[in-house]
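Here the structure is laid out as structure tokens; the discussion comes afterwards.
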Amino acid sequence: MSVKSLPLTSTPGTGAPGAPESKGNYAFISLGCPKNTVDSERMLGKLAQDGYALQPGADGADVVIVNTCGFIEPARQESLAVIREMLDLKRAGKVGAVVVAGCMAERQRDVLLEQVPEVDQIVGVFGREEIADVVDRAVSQRDEQKSLFRPAPVRALEDTARLRITPRHFAYLKISEGCDRLCTYCAIPKMRGKHVTKPIEEIIREAHELVADGVRELIIVAQDTTYYGMDLYGRTRLAELLRELDKVDGIEWVRTLYAYPEHISDELIETFAGAKKIIPYLDMPLQHINDRVLKRMIRRVDRAATEKLLLRLREKWPDLAIRTTFITGFPGETDAEYEELKQFVADFKFERVGVFPYSLEPGTPAEKLDGHIPEDVKQARVAAIMEVQQRVAFGWAEAQVDKEHPVIIDGPDPEFANHFRGRTYADAPEIDCEVRVKGKNLKPGDFVRAKITAADGYDLTAKALGKPW
């Protein structure tokens with residue numbers, strides 16, 4: 001397994017990487033979702049301000065921090081493999097110490113040190129603010145305390161002064177932490193605690209900081225973005241927050257991820273459709289469409305409400321690209337219920353879809369449900385639905401040929417001269433598709449008007465028209 005180097009795109013405060021007062025060198029490996037990326041960037045900022053120098057690879061580092069994912073078993077296995085790879089380097093004398101942080105550390109705090117006893121320090125999700133102290137102990141080999149866990153906060157943690165590892169022109173903006181949902185398959189509340197809202201004024205201040213650091217696309221993330229505000233203000237206030245973000249100078253695109261369907265109100269839809277900078281893209285995980293399966297999942301929506309919402313969104317928000325995810329093979333899912341989901345995917349024609357086999361998560365209510373389905377059946381159902389969706393996605397791509405789209409440039413195309421990799425509004429970075437743009441003198445963060453010239457499976461090719469704006 002190879003470990004990707006982290007590109008530096010910002011350097012907050014004093015004691016930045018390479019500063020002469022450096023306390024030592026460290027490497028950082030960030031795994032998991034965009035919300036975990038924000039946590040990683042905050043820890044990187046804390047370490048930079050404390051005088052630690054980040055290096056691009058693990059070899060020769062005084063300490064390596066692995067920010068783990070604990071969402072489902074495959075993610076935990078990936079995290080464990082990376083940890084063991086770093087411990088191999090430690091045994092070979094190429095790494096001084098190994099620190100494990102994040103969701104897997106939080107979820108498996110009682111057994112992780114038994115699995116990997118050579119780890120020097122373990123820090124949970126909510127110990128991230130004290131990462132510099134943890135690294136101090138690891139570097140100095142003080143083992144009087146090998147773990148640090150803090151309770152879930154009663155108010156959202158601050159995410160300013162981050163050392164960003166995303167490309168300079170886009171950033172994730174986390175608006176809340178934790179989740180109050182009781183979905184029977186999900187362990188996130190056990191790892192991330194209850195929902196806590198970050199105040200609007202703090203989010204706007206963070207947005208201005210990100211703009212000053214070169215960001216042009218803000219990507220809104222949370223465990224449940226549409227529940228934003230409920231705990232702090234007594235009602236959902238995502239629409240108000242988005243209207244404030246729409247006023248921030250320097251931002252061109254605002255993209256919303258992780259929107260739970262229950263709290264998508266008419267006010268929110270009108271805000272989506274009427275704002276200048278909120279692009280017509282919505283990530284809205286639906287997980288299933290059959291009423292009985294949704295009830296067993298405790299999703300609090302049914303098929304009729306879901307279809308009504310989808311039709312309202314499509315009617316009010318022209319050119320909307322909807323990304324959703326589905327779970328198939330949930331305990332008790334019958335052949336007929338699976339076929340209903342497959343037909344729904346074929347009929348509704350979502351622009352972007354991810355399908356995942358149900359993952360049995362210890363300690364979740366779904367573990368105790370009857371009717372658990374064999375792994376090969378789950379995988380076959382995933383493959384069949386994705387085959388249906390592939391035809392839908394290929395058809396959408398072909399329908400874009402000869403159309404003009406604004407495209408954000410992510411970087412040069414490594415395979416072809418005078419070509420660049422970019423994305424349309426329908427494509428979230430590192431999740432969706434790409435556009436190969438033919439042009440000259442473009443740089444990351446440029447927006448170009450591009451004419452789509454061909455479809456290449458899921459992806460598009462295009463020719464830049466005019467100058468970037």
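Being a predicted model, the structure only gives us computed values, none of them experimental. Computation of the quantities below employed the complete heavy-atom set of this structure, encompassing side-chain atoms and omitting hydrogens, waters and symmetry-equivalent molecules.
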Would you call [X] and [Y] a salt bridge, using N to O less than 4.0 angstrom?
{"X": "E206", "Y": "K174", "result": "no"}
{"X": "E209", "Y": "R162", "result": "no"}
{"X": "E267", "Y": "R243", "result": "yes"}
{"X": "R42", "Y": "D159", "result": "no"}
{"X": "E361", "Y": "R76", "result": "yes"}
{"X": "E315", "Y": "R312", "result": "no"}
{"X": "R421", "Y": "D413", "result": "yes"}
{"X": "K46", "Y": "E130", "result": "no"}
{"X": "K342", "Y": "D335", "result": "no"}
{"X": "R381", "Y": "E333", "result": "yes"}
{"X": "R84", "Y": "E118", "result": "no"}
{"X": "R128", "Y": "D39", "result": "yes"}
{"X": "R150", "Y": "E129", "result": "no"}
{"X": "D231", "Y": "R155", "result": "no"}
{"X": "K146", "Y": "D120", "result": "no"}
{"X": "R423", "Y": "E217", "result": "yes"}
{"X": "R292", "Y": "D302", "result": "no"}

Test log, rule salt bridge (charged side-chain N to carboxylate O under 4.0 Å, His left out), inputs R303 and E340: CA-CA 11 Å; R303 176 166 186 156; E340 180 183 349; 2.9 Å; yes

For [Y], is the NZ or CZ atom of [X] found under 6.0 angstrom from the centre of its six-membered ring and inside 45 degrees of the ring axis?
{"X": "K35", "Y": "Y258", "answer": "yes"}
{"X": "R436", "Y": "F420", "answer": "no"}
{"X": "R352", "Y": "W396", "answer": "yes"}
{"X": "R323", "Y": "F350", "answer": "no"}
{"X": "R255", "Y": "Y281", "answer": "yes"}

Quick check: do [X] and [Y] have side-chain heavy atoms less than 4.5 Å from each other?
{"X": "Y260", "Y": "R181", "result": "yes"}
{"X": "C69", "Y": "M104", "result": "no"}
{"X": "V82", "Y": "L31", "result": "yes"}
{"X": "L242", "Y": "T256", "result": "yes"}
{"X": "I203", "Y": "E244", "result": "no"}
{"X": "L257", "Y": "I219", "result": "yes"}
{"X": "I175", "Y": "R237", "result": "no"}

If you compare all heavy atoms of [X] against all heavy atoms of [Y], which two are closest, and at what distance to 0.1 Å?
{"X": "L238", "Y": "T225", "value": "CD2-O, 3.7 Å"}
{"X": "T271", "Y": "I278", "value": "O-CD1, 4.1 Å"}
{"X": "L360", "Y": "H372", "value": "CD1-CE1, 3.4 Å"}
{"X": "Y358", "Y": "G329", "value": "CB-O, 3.5 Å"}
{"X": "I251", "Y": "V215", "value": "CD1-O, 3.7 Å"}
{"X": "S30", "Y": "T37", "value": "OG-CA, 4.2 Å"}

Going by the angle between their ring planes, with limits at 30° and 60°, are [X] and [Y] parallel, tilted or perpendicular?
{"X": "Y425", "Y": "H405", "result": "tilted"}
{"X": "F394", "Y": "Y458", "result": "perpendicular"}
{"X": "F28", "Y": "Y26", "result": "perpendicular"}

Side chains of [X] and [Y], donor plus acceptor under 3.5 Å:
{"X": "T68", "Y": "S79", "answer": "no"}
{"X": "E73", "Y": "Q77", "answer": "yes"}
{"X": "H263", "Y": "D224", "answer": "no"}

Trace of the side chain to side chain contact (heavy atoms under 4.5 Å, CB included) decision for Q389 with K349: CA-CA 8 Å; Q389 175 58 25; K349 293 181 169 53; over 6 Å; no

F126-F149 aromatic ring centre distance below 6.0 Å: no

Residue pair K277, D246: steps toward the salt bridge (charged side-chain N to carboxylate O under 4.0 Å, His left out) verdict: CA-CA 6 Å; K277 299 177 181 181; D246 200 48; over 6 Å; no

Q145 atom CD, neighbour heavy-atom count above 12 within 6.0 Å: yes

P167 backbone acceptor or donor facing R164 side chain under 3.5 Å: yes

